[in-house]
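Working notes, structure below.
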Amino acid sequence: MEREANQDQSAHSTDPATQGKESIERETEDILAKYFHQKFPATEVIDKCLVDIDNDGLPELLVALNTYSGASKDAEIIKNGLTPLYVAVVFPKGSNPTESLSVIGKTVPEDFSFRGTHLFTVEKEGERVDRVKVKAVNSQGSEHYFTLKVTVEEDGVRSFS
């Protein structure tokens, strides 16, 4: 299984073809991020990553969130000694890339949160994205990973694990 870490967004190629692709990726990311912020305007984005997690040829925007305005059970989870973390997935749809948004929550041990940048690690099997790991850390520097895998069923329904 091949691992591919986030690349520094400030390092851009001088190759015209690569520059064109980077420009399209930035535009796609901007459109999807704008859509996310329209849906959850009070939510702080810790980090984001553009990746084709469902292998359909269109990249999705993954957004790491410590909390989001749609969470309703956080207090109960925290009372039980766990921390809820979230990854929002914005799925583009052809010419209208703002038709689908899912927020996946998972619990991690207490005191863990998403901090900093370059939190996403894309794991591939050949050319296909297998899963994405999102790194959370605690105040002592220990790491815990929020793992996200999207599977598309034959009927087009997505399942998350």
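Positions are given from 1 along the sequence. Only this structure's heavy atoms are used, side chains among them; waters, hydrogens and symmetry mates stay out.
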* **Side chain proximity check, Leu58 to Phe91, heavy atoms < 4.5 angstrom** => no
* Asked: salt bridge (Lys or Arg N to Asp or Glu O under 4.0 Å): which pairs involve residues 141-152, sequence neighbours left out?
  -> Asp130-Lys149, Lys135-Glu143
* Asked: Could you give all pairs that pass the salt bridge (Lys or Arg N to Asp or Glu O under 4.0 Å) test and reach residues 51-60, with sequence neighbours left out?
  -> Asp54-Arg158
* Asked: Do the side chains of Val132 and Thr121 get nearer than 4.5 Å, heavy atoms only?
  -> no
* Grab the two heavy atoms, one from Leu50 and one from Pro59, that are nearest each other, plus how far apart they are. => CG-CB, 3.7 Å
* Structure fact -> The side chain to side chain contact (heavy atoms under 4.5 Å, CB included) partners of Ala136 (sequence neighbours excluded) come to Leu85, Phe112, Phe114
* Structure fact -> Sequence neighbours excluded, the answer for side-chain hydrogen bond (donor to acceptor under 3.5 Å, both in side chains) partners of Ser113 is Arg115
* To do: Please report the shortest heavy-atom distance between Phe120 and Ala64, naming the atom on each side.
  => CZ-N, 3.7 Å
* 4.5 Å side-chain heavy-atom contact, Val45 and His37 -> yes
* To do: Please tell me if the side chains of Leu65 and Phe36 come closer than 4.5 Å, counting only heavy atoms from C-beta onward.
  => yes
* To do: Quick one: pull up OG1 in Thr83 and NE2 in His144 and give me the separation to the nearest 0.5 Å.
  => 10.0 Å
* Asked: Is there a path from Tyr145 to Val87 through hydrophobic residues (I, L, V, M, F, W, Y) whose side chains come within less than 4.5 Å of each other?
  -> no
* For Asp47 and Thr117, does a side-chain donor sit closer than 3.5 Å to a side-chain acceptor? -> no
* Asked: Taking all non-hydrogen atoms of both residues, which atom of Pro109 and which atom of Leu82 are closest, and how far apart?
  -> CA-CD2, 4.4 Å
* Asked: Quick one: does Ile104's side chain get under 4.5 Å of Leu148's, heavy atoms only?
  -> yes
* Taking C-beta and beyond as the side chain, do Val103 and Phe40 meet within less than 4.5 Å on heavy atoms? -> yes
* hydrophobic_cluster_shared for Val108 and Val137, side chain cutoff 4.5 Å -> no
* Going from CZ on Arg131 to CD on Glu125, what distance comes out if it is rounded to the nearest 0.5 angstrom? -> 9.0 Å
* Out of curiosity, does Val122 fall in the hydrophobic cluster containing Phe160 (side-chain heavy atoms, cut-off under 4.5 Å, transitive links)? -> yes
* Structure fact -> What one should report as the nearest heavy-atom pair of Leu61 and Ala33 is CD2-N, 3.4 Å
* Counting heavy atoms not belonging to Glu27, are there more than 12 under 6.0 Å from its CD? -> no
* Heavy-atom side-chain contact between Lys106 and Pro84 under 4.5 Å -> no
* To do: Just jot down the side chain to side chain contact (heavy atoms under 4.5 Å, CB included) partners of Glu44, sequence neighbours excluded, or say none.
  => Ile46
* To do: Mind checking side-chain hydrogen bond (donor to acceptor under 3.5 Å, both in side chains) for Gln140 and listing every partner two or more places apart, or none if nothing turns up?
  => Asn138
